[in-house]
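Report on one structure; see the data block that follows.
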Amino acid sequence: MISLIARALLIVPSLIAGWFVSEEDVAYWIVAFAIGLVFLLLTIAFELYVHPLLRRGSKG
């Protein structure tokens, strides 16, 4: 069950990693994991900083 959830979360990062690293390379899943962490970081930054600014701007 946990492996299914992990695979679902790594679909988009693995597609992006496939553009830069061969799937037969040992570092493929490491690169996919790093891209996933970047997506997670960007999502958190958007929710903390950009989303409140957009919400505040639409009220006024």
Side-chain angles (χ1 to χ4, degrees):
M1 180 68 180
I2 293 175
S3 65
L4 183 64
I5 294 170
R7 285 179 187 251
L9 292 175
L10 285 174
I11 287 176
V12 174
S14 66
L15 290 174
I16 295 172
W19 293 338
F20 301 108
V21 180
S22 172
E23 289 187 21
E24 289 84 22
D25 193 6
V26 177
Y28 176 76
W29 286 109
I30 296 170
V31 172
F33 182 70
I35 293 172
L37 286 178
V38 169
F39 280 164
L40 181 67
L41 179 70
L42 290 175
T43 302
I44 290 170
F46 179 81
E47 288 295 323
L48 285 177
Y49 299 112
V50 177
H51 189 70
L53 291 175
L54 293 174
R55 193 172 9 170
R56 185 173 28 160
S58 65
K59 288 182 182 178

* Under the side-chain hydrogen bond (donor to acceptor under 3.5 Å, both in side chains) test, residues paired with T43 that sit two or more places apart -> none

Could you state the interatomic distance from [atom1] ([X]) to [atom2] ([Y]), rounded to the nearest 0.5 Å?
X	Y	atom1	atom2	value
D25	I30	CG	CD1	9.0 Å
I44	Y49	CD1	OH	10.5 Å
L37	L42	CG	CG	11.0 Å

* Structure fact -> For P13 and F39 the tightest heavy-atom approach is CG-CD1, 4.1 Å

If hydrophobic clusters are built from ILVMFWY residues whose side chains come within less than 4.5 Å, do [X] and [Y] share one?
X	Y	value
I16	V31	yes
L54	L48	no
F33	V21	no
V38	F20	no

* Heavy-atom count around Y28 OH within 6.0 Å, excluding the residue itself: above 12? -> yes

